[in-house]
Engineer: 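Here it is: the structure, laid out below.
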There are 2 protein chains.
Amino acid sequence: MTSKEITEETNNQGRIRQENRKRIMSAAEKVFSQNGFRGSTTASIAEEAGLPKANIHYYFGTKEELYRAVVDEIVDLWLSSFREIHEGDDPATTLADYIRAKMELSKSRPEASRVFANELIRGAPRIQSYLAGDLKKWVEQKSAILDKWIEQGKMAPVDTTRLIFHIWAMTQTWADFEVQWASVLGREDNRLEEQDFEQATNSIITTVLRNCGLLPLPERRTGV
Amino acid sequence: MTSKEITEETNNQGRIRQENRKRIMSAAEKVFSQNGFRGSTTASIAEEAGLPKANIHYYFGTKEELYRAVVDEIVDLWLSSFREIHEGDDPATTLADYIRAKMELSKSRPEASRVFANELIRGAPRIQSYLAGDLKKWVEQKSAILDKWIEQGKMAPVDTTRLIFHIWAMTQTWADFEVQWASVLGREDNRLEEQDFEQATNSIITTVLRNCGLLPLPERRTGV
DNA sequence: CCAAAACTTGACCATACGGTCAGTTATTCA
DNA sequence: TGAATAACTGACCGTATGGTCAAGTTTTGG
């Protein structure tokens, strides 16, 4: 929610409006995630929301406006999920926690992740300023702290910017491309299970911590 | 190209047909990658190809048919890029080579990668059989060989299936979400540069090899 | 050189789509 | 309770879209 009409956000004021906007945005997130902006129809969003089409336009004017509201909410969610990292923190714990938090998002909000992915694939016409602004700053800040940790000998030297990028790639793939991994793993209905997310989380944490010299290398088996 | 009408594939037979199909499919790949199936119009594909719209329908009947032709070609490309791995091969070299090959594809055919990504995000209605068939088999074969290497003490024990998934995630992110990384890196026109791909490739190789115990852990700096 | 086959395309059609609006019903609050 | 405000929605509109077609032009192969 970008700061707009916050006036009536509490205490029954515009209660119906709030509820219906939420309902419509939830339906829209689902439909947009499956068909992208151009491929989604206001009629199908209305159907998903269980409301007549004109109602959607009553609350959101145009399809573009509705889409922006959905994307803005997702961007806010993304940004708020970025924990603060401080110079004094423990690298291994911090990295593992961050990976867990991102995986939790992939599991709980896969549609949001896919709307975002759709937007990126299309060249991100609507979130350019977010990418080159808030997100860029966040990456620079975080990688600066990681670099400090390296200087202080708290972790091994790595390319910290790419480290962050690749953490995102590995965590988001489990939301965006769920069907691919579920199919390859032979899961029913092409949906991943609780346990798949846990196993993936562990695998990513291990990979990242080993890369940063924060986990001892496992012994190789002695040849059979 | 799925084996269809191979008869007229050489020697000027159907030369015009071949050339125009190629031209249209190339334009279609570009348009589909940006708008997905439902969001792409035959008119915009025609414009991109520099041909009248009716011409597209002359060669490909329906939009659906054209889309399938494009997706089939991409699936073939993907499958053919999977190098054979043999039990006797050297793990470090093999893994590094595979990562380089995948990154080469991300750099040279980003649109193809995005069409594929679009299809996955939508739940892969058209490539389900490929995912659960050829691709599943490929992953099982490859991870079996990696497991053998682990048994033989040639590399450290890791979750080989997730290893493969995460290599894909890290390599494809540079094609699918190029605009995100280019924006965060502050690149002009939001396009990645040659050097970005090299750096990313090195980072992924290092990450994977360290994870498998195939690269010595770098020394930590002694505290400042 | 010629006729058959392949290719080309402007004009057209039915449908789907985003969006509007006027008339109605439900809610709020003094 | 009543009047003002907010919410609701069926019917409608202009445009965009996928697809067709018939009339033409070009290419092919004997």
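Proteins come first, then strands; the chains are lettered A, B, ... in the order of their sequence lines, and each starts at number 1.
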Engineer: Compute the angle between the rotation axes at the two ends of the helix from C:dC1-D:dG30 to C:dA30-D:dT1, each taken over five pairs, rounded to 10 degrees.
Structural biologist: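 Answer for the end axes of this duplex: 20°.
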
Engineer: Who are the ring-ring contact (aromatic ring centres under 6.0 Å, His included) partners of A:Trp168, not counting sequence neighbours?
Structural biologist: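 Listed in chain order: A:Phe82, A:Trp138, B:Trp181.
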
Engineer: Taking only residues two or more places apart in sequence or in another chain, which ones pass salt bridge (Lys or Arg N to Asp or Glu O under 4.0 Å) with B:Arg23?
Structural biologist: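 B:Arg23 satisfies salt bridge (Lys or Arg N to Asp or Glu O under 4.0 Å) with no other residue.
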
Engineer: Does A:Thr206 have any side-chain hydrogen bond (donor to acceptor under 3.5 Å, both in side chains) partners at least two apart in sequence or in another chain, and if so, which?
Structural biologist: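 Not a single residue meets the side-chain hydrogen bond (donor to acceptor under 3.5 Å, both in side chains) criterion with A:Thr206.
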
Engineer: Quick check against the 3.5 Å criterion: does A:Ser183 have a side-chain atom that pairs as donor or acceptor with the backbone of A:Val179?
Structural biologist: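 At least one qualifying donor-acceptor pair exists.
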
Engineer: Listed by chain and number, what are the salt bridge (Lys or Arg N to Asp or Glu O under 4.0 Å) partners of A:Arg126, not counting sequence neighbours?
Structural biologist: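 By the salt bridge (Lys or Arg N to Asp or Glu O under 4.0 Å) rule, A:Arg126 matches A:Glu64, A:Glu119.
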
Engineer: Distance check needed: D:dG18 P versus B:Lys63 NZ, whole Å only.
Structural biologist: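 My rounded result for the distance is 4 Å.
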
Engineer: A:Lys137: which residues meet the salt bridge (Lys or Arg N to Asp or Glu O under 4.0 Å) condition with it, sequence neighbours left out?
Structural biologist: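 Scan of A:Lys137 (salt bridge (Lys or Arg N to Asp or Glu O under 4.0 Å), adjacent residues dropped) gives none.
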
Engineer: Under 4.0 Å, heavy atom to any atom of DNA chain C: which of residues 24-49 of chain B qualify?
Structural biologist: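 Close to the strand are B:Arg38.
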
Engineer: Go along nucleotides 5-12 of chain D 5' to 3' and tag each nucleotide: B for a protein heavy atom under 4.0 Å from its base, S when only backbone or sugar atoms are that close, - otherwise.
Structural biologist: -SBSBB--

Engineer: Tell me, please, which residues at least two apart from A:Asp196 pass side-chain hydrogen bond (donor to acceptor under 3.5 Å, both in side chains).
Structural biologist: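 Applying side-chain hydrogen bond (donor to acceptor under 3.5 Å, both in side chains) to A:Asp196 gives A:Arg187.
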
Engineer: Got a sec, which pairs hit ring pair (Phe, Tyr, Trp, His ring centres under 6.0 Å) with one end in residues 34-64 of chain B, sequence neighbours left out?
Structural biologist: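 Listed once each, the pairs are B:Phe37-B:Tyr67.
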
Engineer: How long is the line joining NE2 of A:His57 and P of C:dG18, in whole Å?
Structural biologist: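 Value for this atom pair: 7 Å.
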
Engineer: Going by the side chain to side chain donor-acceptor pair (under 3.5 Å) test, which pairs reach into residues 99-112 of chain B, not counting sequence neighbours?
Structural biologist: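 For residues 99-112 of chain B, and leaving out neighbouring residues, the side chain to side chain donor-acceptor pair (under 3.5 Å) pairs sorted by first residue read B:Glu29-B:Arg109, B:Asp97-B:Arg100, B:Lys102-B:Gln172, B:Lys107-B:Glu194.
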
Engineer: Just jot down the salt bridge (Lys or Arg N to Asp or Glu O under 4.0 Å) partners of A:Glu188, sequence neighbours excluded, or say none.
Structural biologist: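 A:Glu188 satisfies salt bridge (Lys or Arg N to Asp or Glu O under 4.0 Å) with no residue once adjacent residues are dropped.
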
